[in-house]
Student: 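Supplied in structure tokens, the structure appears directly below.
Whatever order the structure lists them in is the order used to number ligands and atoms, beginning at 1. These numbers were taken from a predicted model, which means no experiment stands behind them.
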Amino acid sequence: MSDFLKVSRDGDVAIVIIDNPPVNALSLHVREPLKQALVELRDDPLVAAIVITCAGRTFVAGADITEFGKPVQQPELRAIIATLETIAKPTVAAIHGTALGGGLELALGCHFRVADASARLGLPEVKLGLLPGGGGTVRLPRLVGALKALKMIVSGAPIGAEEAHTTGLVDALFEGDLTTHAVNFAREIARKGGPFTPVRDRDDELKGTNLAAFDAEAADLAKKARGLEAPVACAQAVRNAVTLHFDEALAVERALFVKLVASDQSRAQRHLFFAEREAAKSPGKDPVKRRIARVGVIGAGTMGGGIAMAFANGGYPVTLLETGHEALQRGLATIDKNYAVSVTRGSLTEDAKRQRLAQFTGSTDYADLADCDLIVEAVFEDMAVKKEVFGKLDAVAKPGAILATNTSYLDINEIAASTSRPQDVLGLHFFSPANVMKLLEIVRAEKTAPDALASVVDLARRIGKVAVVVGVCHGFVGNRMLAARGSESEALLLEGATPRQIDQAFTDFGWPMGPFQMGDLAGLDIGWRNRKARGQTAVIADTLCEQGRFGQKTGRGYYLYEAARTPVPDPQVEALIRDKAAEQGIAPRAIEAEEIIERTLYPLVNEGAKILEEGIAVRASDIDVVWVNGYGFPVGKGGPMFWAGLEGADKIIERLEYWHHRTGKDVFNVAPLLRRMAETGSWEGAAAA
Ligand code: T1G
């Protein structure tokens with residue numbers, strides 16, 4: 001048939017085998033032979049049943065995302081599924097690995113689905129700014145019911161084999177050779193005789209749908225969409241499955257898909273899908289990686305404990321070291337409590353909690369780190385302290401062990417130079433809480449060995465982190481750009497904008513929360529300590545801290561927190577701002593949201609361009625990955641650098657020049673690379689110019 005699809009026979013059962021590594025995406029070179037094979041097998045009187053399966057590690061993981069944004073090439077997936085549903089003889093999808101998106105939709109075109117324990121089934125199109133475009137929004141509800149389908153499609157989260165079987169998405173689960181079981185299943189079904197009802201004609205699960213409950217759930221999900229169009233479209237399409245005839249609902253699904261696939265939001269989210277995978281590729285050719293079997297973590301505080309949990313959660317034994325027994329026990333107790341909370345929430349089983357806790361070995365003796373392949377320090381953010389720790393590590397760590405610092409700001413080249421093995425030293429900048437946040441900035445120092453770097457990039461993926469390799473500078477990529485984004489915060493307040501107004505401009509943009517609410521959440525004292533360490537001041541923020549207003553943890557920060565975490569504007573803070581402005585002779589004025597965005601997010605983009613120019617980030621898309629996964633940049637805008645293209649580089653430059661002229665501040669000093677991006681139309685073009 002073709003290099004990507006074969007048909008074999010087991011007696012009167014035909015087996016269609018898709019083989020399109022690495023994930024059996026339904027590329028055109030699969031769709032063409034697949035449609036042809038289905039027609040031939042449909043019309044072959046010697047074929048009593050058809051099994052569709054895949055070679056390699058997974059069933060079809062979806063349509064080929066690289067084809068989106070290009071002219072549609074026939075046959076489309078929808079045509080293949082329509083062909084499937086003209087087949088009267090039983091059709092069976094044999095699912096292992098991930099049946100996602102168009103892959104699950106292909107399986108929904110079959111009369112039956114069987115799976116092994118490895119199967120995970122889902123419709124994740126919403127994560128690409130899309131909705132299932134192969135009939136998934138009208139077929140899935142017919143098997144699992146409208147409410148379950150709504151939750152699966154709007155979340156994009158796959159379900160496991162067991163759940164798929166209990167909800168009726170899968171007809172049988174098998175252990176052992178899945179294809180053999182699928183063939184026997186198909187033969188048995190054929191022997192019993194039909195007719196076999198295609199999913200499109202099965203309305204049982206739709207009858208009695210409680211539309212009021214559905215609409216309530218959909219409304220709640222829409223609130224969480226934060227301006228994203230796809231989740232709302234998904235909900236509408238699933239509702240249509242209940243209220244419209246099949247073909248009518250299918251037509252609306254198609255219209256919604258065509259609209260979404262052309263949208264900036266979907267282009268942004270597809271950009272991020274590939275950007276995350278690009279960022280995780282080791283720079284240069286892939287050197288042989290070092291074996292990492294055991295991890296040491298120094299420091300059992302908030303960061304150290306979270307980092308230790310991140311590795312334990314990934315299945316790595318961890319030696320957690322603290323200077324004293326009391327601090328060590330406190331750290332281990334916090335870890336135990338964190339797991340207990342997960343068990344209470346139902347996101348972790350008791351058994352899994354026990355398994356993860358069993359990964360931990362506590363110690364107060366550096367000698368116990370001697371068998372670790374990777375050691376991460378998360379001690380106090382002070383160069384002298386870090387150098388003392390690395391001096392001890394240099395003495396006890398085995399040859400080839402990778403020595404990592406979790407520093408957020410300090411010069412890792414200086415730390416590396418304080419050891420006899422700078423080639424083994426690098427940064428692993430986790431984001432708090434380290435066991436939750438996906439982003440991991442991997443900081444390559446000047447002398448970091450390529451194999452050491454490649455080893456931790458690979459390790460990051462294994463523990464479920466989104467890794468981005470960055471260079472050494474103050475704040476690396478994320479925090480350096482965060483400083484640029486916040487450089488005008490105080491000025492905006494003194495000139496007349498309130499914390500609420502600035503935060504509102506951010507949430508209207510799509511951020512989960514604005515900078516002041518975020519500061520109150522993280523604790524204003526952290527920034528206060530950093531400013532004092534660097535001899536910097538921020539008149540409003542410093543005054544708040546001097547008054548003990550550290551944010552949520554003290555019940556007062558920029559906002560008041562009477563009822564738990566709900567921020568309430570505080571007249572005292574607004575009076576403080578007015579007083580400080582008056583002291584500086586600044587007359588308050590009305591400040592529009594557009595100005596707030598120009599003086600926060602345009603400097604963010606500009607600093608990203610400077611970081612690219614200096615080679616601190618390898619790609620513009622790496623910066624997008626940092627900001628979406630570490631700071632909540634709205635996925636529908638693709639990250640700061642992708643968004644610069646949507647916003648228009650010329651417009652950004654013009655406004656930066658205006659504010660540079662008006663304030664003289666360096667954050668508004670236009671980066672040459674940003675100018676070249678405006679000229680060439682892309683960051684890649686700018687770098688090549
Ligand atoms: N299309 C094209 N390439 C894909 C792909 C896809 N659907 N999925 C993965 N790849 C590439 C990926 O870029 C990487 O390439 C390599 O495969 C390995 O992927 C009509 C419209 C399946 C869970 O959204 O979730 O169907 O970097 O590193 O960690 O309704 O890939 O090696 O060059 O992620 O083992 C819906 C997306 C599509 C699933 C495997 N499907 N993929 O994870 O490997 S839209 C999805 C994943 C659709 C229909 C709609 C994951 C995975 P490279 P990887 P992994």
Side-chain angles (χ1 to χ4, degrees), residues 4 18 20-31 34 54 56-70 72-82 95-109 118-140 149 152-153 155-160 230 233-234 237-238 250 253-263 266-267 269-282 286 314 438 457-458 460-467 619 621-622 625 635:
F4 304 97
I18 296 168
N20 185 26
V23 297
N24 287 313
L26 281 171
S27 312
L28 177 64
H29 56 254
V30 170
R31 299 198 305 272
L34 176 58
C54 287
R57 61 186 166 122
T58 177
F59 192 74
V60 174
D64 184 337
I65 306 171
T66 64
E67 292 182 0
F68 295 149
K70 299 170 187 166
V72 173
Q73 294 176 292
Q74 299 301 340
E76 289 179 77
L77 172 60
R78 298 176 303 141
I80 290 170
I81 295 171
I95 298 169
H96 71 292
T98 46
L100 299 175
L104 179 54
E105 291 173 306
L106 178 68
L108 288 170
S118 73
R120 294 183 63 71
L121 301 88
L123 294 174
E125 289 87 340
V126 69
K127 294 179 181 174
L128 298 169
L130 301 169
L131 87 170
T137 66
V138 283
R139 288 189 179 86
L140 184 63
M152 282 183 67
I153 293 172
S155 71
I159 60 176
C234 286
V238 175
L250 201 62
E253 176 195 88
R254 179 64 189 167
L256 289 168
F257 179 83
V258 168
K259 177 172 172 284
L260 288 174
V261 78
S263 70
S266 181
R267 286 198 309 112
Q269 290 177 260
R270 298 188 321 251
H271 157 74
L272 290 169
F273 174 86
F274 292 113
E276 280 184 18
R277 286 154 180 81
E278 200 60 31
K281 287 176 183 158
S282 306
D286 217 356
K438 301 289 277 182
V457 169
D458 181 61
R461 208 166 92 106
R462 292 171 189 277
I463 62 171
K465 294 298 181 188
V466 175
R619 310 169 193 87
S621 58
D622 286 3
V625 173
V635 292

Student: At less than 4.0 angstrom from any non-hydrogen atom of Pro22, what atoms of ligand 1 do you find?
Tutor: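 Checking each atom against Pro22, I get 16 (C), 17 (O).
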Student: Does the N or O separation between Thr98 and ligand 1 drop below 3.5 Å for any pair?
Tutor: no
Student: Quick one: does atom 28 (O) of ligand 1 have a protein heavy atom under 4.0 Å from it?
Tutor: yes
Student: Please check whether Lys281 reaches ligand 1 - meaning an N/O of the residue sits under 3.5 Å from an N/O of the ligand, judged on distance alone.
Tutor: yes
Student: Which atoms of ligand 1 are found less than 4.0 Å from any heavy atom of Phe68?
Tutor: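 Contacts of ligand 1 toward Phe68, numbered from 1: 21 (C), 45 (S).
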Student: By number and element, which atoms of ligand 1 are closer than 4.0 Å to a non-hydrogen atom of Phe257?
Tutor: 21 (C)
Student: If we only count heavy atoms from C-beta on, is the Ser155 to Val126 side-chain gap below 4.5 Å?
Tutor: no
Student: Establish whether atom 34 (O) of ligand 1 and some protein heavy atom are separated by less than 4.0 angstrom.
Tutor: yes
Student: Using salt bridge (Lys or Arg N to Asp or Glu O under 4.0 Å) as the criterion, list what pairs up with Glu76, not counting sequence neighbours.
Tutor: Arg78, Arg254
Student: Number the atoms of ligand 1 from 1 as they appear, then name those within less than 4.0 Å of a heavy atom of Gly62, with their elements.
Tutor: 26 (O), 41 (N)
Student: Side chains of Val23 and Thr98: does their closest heavy-atom pair fall under 4.5 Å?
Tutor: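 No - every pair of side-chain heavy atoms lies 4.5 Å or more apart.
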Student: Who's closest to atom 20 (C) of ligand 1 heavy-atom-wise, of Gln269, Glu105, Glu253, Arg120?
Tutor: Glu105
Student: Decide whether the shortest distance between a heavy atom of Arg461 and an atom of ligand 1 is less than 4.0 Å.
Tutor: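 A heavy atom of Arg461 does come that close to ligand 1.
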Student: Centre of Phe273's six-membered ring, under 6.0 Å away, within 45 degrees of the axis: is that where NZ or CZ of Arg277 sits?
Tutor: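 Because its charged atom sits under 6.0 Å from the ring centre and within 45° of the axis, Arg277 does stack over Phe273.
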Student: Under 4.0 Å from atom 46 (C) of ligand 1, is there at least one protein heavy atom?
Tutor: yes
Student: Which of the numbered atoms in ligand 1 are below 4.0 angstrom from a heavy atom of Gly134?
Tutor: 30 (O)
Student: Write out the residue and atom name of the closest protein heavy atom to atom 44 (O) of ligand 1, then the distance separating them to 0.1 Å.
Tutor: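 For atom 44 (O) of ligand 1, the nearest protein heavy atom comes out as Arg57 NH2, 3.7 Å.
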Student: At a 4.0 Å cut-off, with the gap strictly under it, does some heavy atom of Pro124 reach an atom of ligand 1?
Tutor: yes
Student: side-chain contact (heavy atoms from CB on, under 4.5 Å) between Thr66 and Phe274: does it pass, once the steps are laid out?
Tutor: CA-CA 9 Å; Thr66 64; Phe274 292 113; 3.8 Å; yes
Student: List every atom of ligand 1 that sits less than 4.0 Å from any heavy atom of Phe274, numbering the atoms from 1 in the order shown and giving each element.
Tutor: 13 (O)
Student: Of the backbone atoms (N, CA, C, O) and the side-chain heavy atoms from C-beta on, which set of Ile65 has a member under 4.0 Å from an atom of ligand 1: side chain, backbone, both, or neither?
Tutor: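 Both of them.
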Student: Between Glu105 (side chain) and Gly135 (backbone), is there a donor-acceptor pair under 3.5 Å?
Tutor: yes
Student: Measure from atom 9 (C) of ligand 1 to the protein's non-hydrogen atoms and state whether any distance is below 4.0 Å.
Tutor: yes
Student: Taking side chain as C-beta onward, heavy atoms only, is Lys438 less than 4.5 Å from Glu276?
Tutor: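 Not in contact.
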Student: In chain order, what residues pass the ring-ring contact (aromatic ring centres under 6.0 Å, His included) check against His96, with sequence neighbours excluded?
Tutor: none
Student: Take Ser263 and Arg267 through the test side chain to side chain donor-acceptor pair (under 3.5 Å) and record every step on the way to the result.
Tutor: CA-CA 6 Å; Ser263 70; Arg267 286 198 309 112; over 6 Å; no
Student: Among protein heavy atoms, which sits nearest to atom 4 (C) of ligand 1, and what does the distance come to when rounded to 0.1 Å?
Tutor: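 Ranking protein heavy atoms by distance from atom 4 (C) of ligand 1, first comes Val23 CG2, 4.1 Å.
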Student: For residues Val625 and Glu278, determine if any side-chain heavy atom of one lies less than 4.5 Å from a side-chain heavy atom of the other.
Tutor: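 The answer is no, as the side chains (C-beta and beyond) never meet within the 4.5 Å cut-off.
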Student: Can an N or O of Ala61 be found at a distance shorter than 3.5 Å from an N or O of ligand 1?
Tutor: yes
Student: How does Lys127 reach ligand 1, if at all, at less than 4.0 Å between non-hydrogen atoms: by side chain, backbone, both, or neither?
Tutor: neither
Student: Could you say whether the N/O atoms of Gly101 and ligand 1 ever approach to under 3.5 Å?
Tutor: no
Student: Residue-level breakdown please: for Leu128 versus ligand 1, do any non-hydrogen atoms fall below 4.0 Å on the side chain, on the backbone, on both, or on neither?
Tutor: side chain
Student: Give yes if a backbone or side-chain nitrogen or oxygen of Gly102 is under 3.5 Å from a nitrogen or oxygen of ligand 1, and no if not.
Tutor: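 Yes.
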Student: How close does the nearest protein non-hydrogen atom get to atom 25 (O) of ligand 1, and which residue and atom is it?
Tutor: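 For atom 25 (O) of ligand 1, the nearest protein heavy atom is Leu100 CD1, 4.0 Å.
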Student: Using side-chain heavy atoms (C-beta onward) and a distance below 4.5 Å, is Phe4 in contact with Ile18?
Tutor: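 The answer is no; the side chains never approach within 4.5 Å.
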Student: What is the distance from atom CD of Glu67 to atom CG of Leu77, rounded to the nearest 0.5 Å?
Tutor: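 Going from CD on Glu67 over to CG on Leu77, the span is 10.5 Å.
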Student: Kindly compute the distance separating CE (Met152) from CD1 (Ile159), expressed to the nearest 0.5 Å.
Tutor: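 With rounding to 0.5 Å, CE (Met152) is 4.0 Å from CD1 (Ile159).
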Student: Counting C-beta onward and ignoring hydrogens, is there a side-chain heavy-atom pair between Ile153 and Cys234 closer than 4.5 Å?
Tutor: yes
Student: Taking the side chain as everything from C-beta on, heavy atoms only, tell me whether Asp64 gets closer than 4.5 Å to Leu26.
Tutor: no
Student: Show me which atoms of ligand 1 lie under 4.0 Å from any heavy atom of Phe273.
Tutor: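 What qualifies from ligand 1 is 8 (N), 9 (C), 13 (O), 37 (C), 42 (N).
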Student: Please say whether Ala63 places an N or O atom under 3.5 Å from an N or O atom belonging to ligand 1.
Tutor: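 Between Ala63 and ligand 1 (N or O atoms, distance only) the closest approach is under 3.5 Å.
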Student: Would Asn20 and Ser27 satisfy side chain to side chain donor-acceptor pair (under 3.5 Å), going step by step from the backbone distance to the final call?
Tutor: CA-CA 8 Å; Asn20 185 26; Ser27 312; 3.2 Å; yes
Student: Can you sort out which atoms of ligand 1 are near Pro132, meaning under 4.0 Å from one of its heavy atoms?
Tutor: 30 (O)
Student: Any side-chain heavy atom of Leu256 sitting closer than 4.5 Å to one from Glu253?
Tutor: no
Student: At what distance is the nearest protein heavy atom to atom 14 (C) of ligand 1, and which residue and atom is it?
Tutor: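 Of the protein heavy atoms, Arg277 CD, 4.2 Å lies nearest.
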Student: Do any non-hydrogen protein atoms sit less than 4.0 Å from atom 17 (O) of ligand 1?
Tutor: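 When distances to the protein are checked, atom 17 (O) of ligand 1 has a heavy atom within 4.0 Å.
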